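Read through the structure below, which is laid out as structure tokens, and then see the notes.
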Amino acid sequence: MSEIIFEVTKQHLETGLRGYPVGYCTTSSVDAQKGLSYVGHSISEFGKKDPVEIIYMLIHGREGESKEVALLSQDLQKRASLSDKVMKSIQGLPKEGHPMKLFSSAILIAGMLESTGDYKEDCLNIIAKIPLIAATVIAHHAGWELNKSKPELGYMENFNQMLAVPNANPDELLNIFKVFNILHYDHGGGNLSAFVGKSVASGLEDMYGSLASSMCALAGPRHGKANQDCLEFTKVMLEHLGENASVSEVEELLKEKLKNKELIYGFGHAVLRVEDPRASIFYEMASELYADHPLIRMAMLLREAGPKVLKENPKVSNPYPNVDAISGALLTAGGFPFPEYYTVLFGLSRIVGIAVQIVYERCTARDGKGVAIYRPKYFYKGNS
Ligand code: MLT
């Protein structure tokens with residue numbers, strides 16, 4: 001008899017499949033208490049590594065020797081270009097609407113013209129090309145000049161130099177872009193964008209189409225766009241209370257907002273029941289580098305006041321900050337004060353984990369047969 005690992009009751013219906021076991025994930029896992037780990041290692045070990053070292057680990061399920069990482073790095077450099085036709089098509093996209101819409105479209109366009117139809121090949125291809133895709137989208141949308149791609153500079157080094165963000169200190173920003181990139185690669189198998197990408201791939205849509213759909217999932221304010229919305233919230237708090245606000249003033253304003261049924265951004269998570277370790281890494285960086293920046297000060301006050309206030313409500317299952325509570329403030333303080341591109345930065349990173357997860361589901365799962373087409377059951381209810 002097979003082991004029962006989860007009993008479904010009526011209370012589980014219409015809860016967004018919260019906690020339902022669906023399959024296996026080879027890249028990462030999220031523990032309610034310990035948070036995110038990549039292939040069995042806590043995310044807190046990785047803040048200072050090079051992106052390609054982590055990409056190697058996610059692809060191969062283990063840390064790579066330096067030679068192996070160097071080979072992957074060379075391979076990615078060779079694959080990092082886009083044809084003129086793809087570049088021109090992306091640069092011809094309308095600028096109206098959120099940049100995530102351009103980003104998802106750009107991935108579809110790249111797939112229309114450059115997909116090989118082979119999941120493993122296209123996993124490496126898209127990981128290699130995504131810094132150029134993201135930089136092209138941002139520069140086009142923002143009206144900035146895009147520097148020529150030089151993949152030999154390094155994965156995020158190239159992204160940073162292509163974008164050459166106006167008025168930023170490039171070294172400072174590179175440091176933040178790198179950490180941001182590493183911390184957002186993957187978050188278990190069941191986050192919405194990963195789940196959507198794998199579901200679409202289960203119908204045998206190619207890698208690019210599957211990832212474009214996962215980026216549409218990421219674009220929603222309850223998922224990836226939360227990083228943009230959290231920064232706006234932190235700014236509103238700062239505007240209301242000023243640069244010399246105290247913790248108790250922040251607590252009072254949060255209570256008032258809750259009383260008025262307004263949303264408090266940057267707290268809670270579907271799985272985590274502690275402060276998100278990704279947020280802890282960002283808080284540490286922020287207080288080392290930009291402790292006096294008004295937005296960082298406010299984000300720190302919110303870190304202290306938020307859990308105190310939210311704990312008073314017994315219905316709140318996780319009163320602690322998540323990664324979005326601080327990532328935007330850190331990007332702003334580090335020289336990237338452009339919130340509408342924060343979710344594109346999230347997508348630039350998350351493509352890596354989802355692409356690797358898709359390869360597992362399509363090529364390895366069930367002894368190579370691949371995961372079956374996603375087809376959960378819905379009960380007919382009519383309109384009543
Ligand atoms: C993520 O990084 O994907 C978010 O924290 C959301 C999630 O894990 O469900």
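Computed from a predicted structure; not experimentally measured. When a ligand or atom number is given, it counts from 1 through the structure's own listing order.
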Identity and distance of the protein heavy atom lying nearest [atom]:
atom	result
atom 3 (O) of ligand 1	R350 NH1, 2.8 Å
atom 6 (C) of ligand 1	H269 NE2, 3.6 Å
atom 8 (O) of ligand 1	H187 ND1, 2.6 Å

Proximity of R222 to ligand 1 by residue part, where a heavy atom lies under 4.0 Å: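 Looking at R222 and ligand 1, no heavy atom falls under 4.0 Å.
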If the contact criterion is a heavy-atom separation under 4.0 Å, does H184 count as touching ligand 1?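 The answer is no: ligand 1 sits nowhere under 4.0 Å from a heavy atom of H184.
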If you measure only the distance, is there a donor-acceptor pair under 3.5 Å linking the side chains of Y56 and R62?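 Their side chains do contain a donor-acceptor pair, which is all the 3.5 Å distance test asks for.
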Below 30° counts as parallel, above 60° as perpendicular, anything between as tilted: where do the rings of H187 and H269 land?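 It falls in the perpendicular class, over 60°.
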Please work out whether the ring planes of F180 and H184 are parallel, tilted or perpendicular, with thresholds of 30° and 60°.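 The rings of F180 and H184 lie parallel, inter-plane angle below 30°.
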State whether E251 and K308 are salt-bridged, where the test is any N-O pair (Lys NZ or Arg NE/NH1/NH2 against Asp/Glu carboxylate O) under 4.0 Å.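 Counted as a salt bridge, because a side-chain N and a carboxylate O are separated by less than 4.0 Å.
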NZ/NE/NH1/NH2 to OD/OE distance under 4.0 Å, K49 and E63: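 Judged by the 4.0 Å cut-off on N to carboxylate O distance, K49 and E63 do form a salt bridge.
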Out of L192, N191, D324, indicate the one that has the non-hydrogen atom closest to atom 9 (O) of ligand 1.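 Going through L192, N191, D324 one by one, N191 has the nearest heavy atom to atom 9 (O) of ligand 1.
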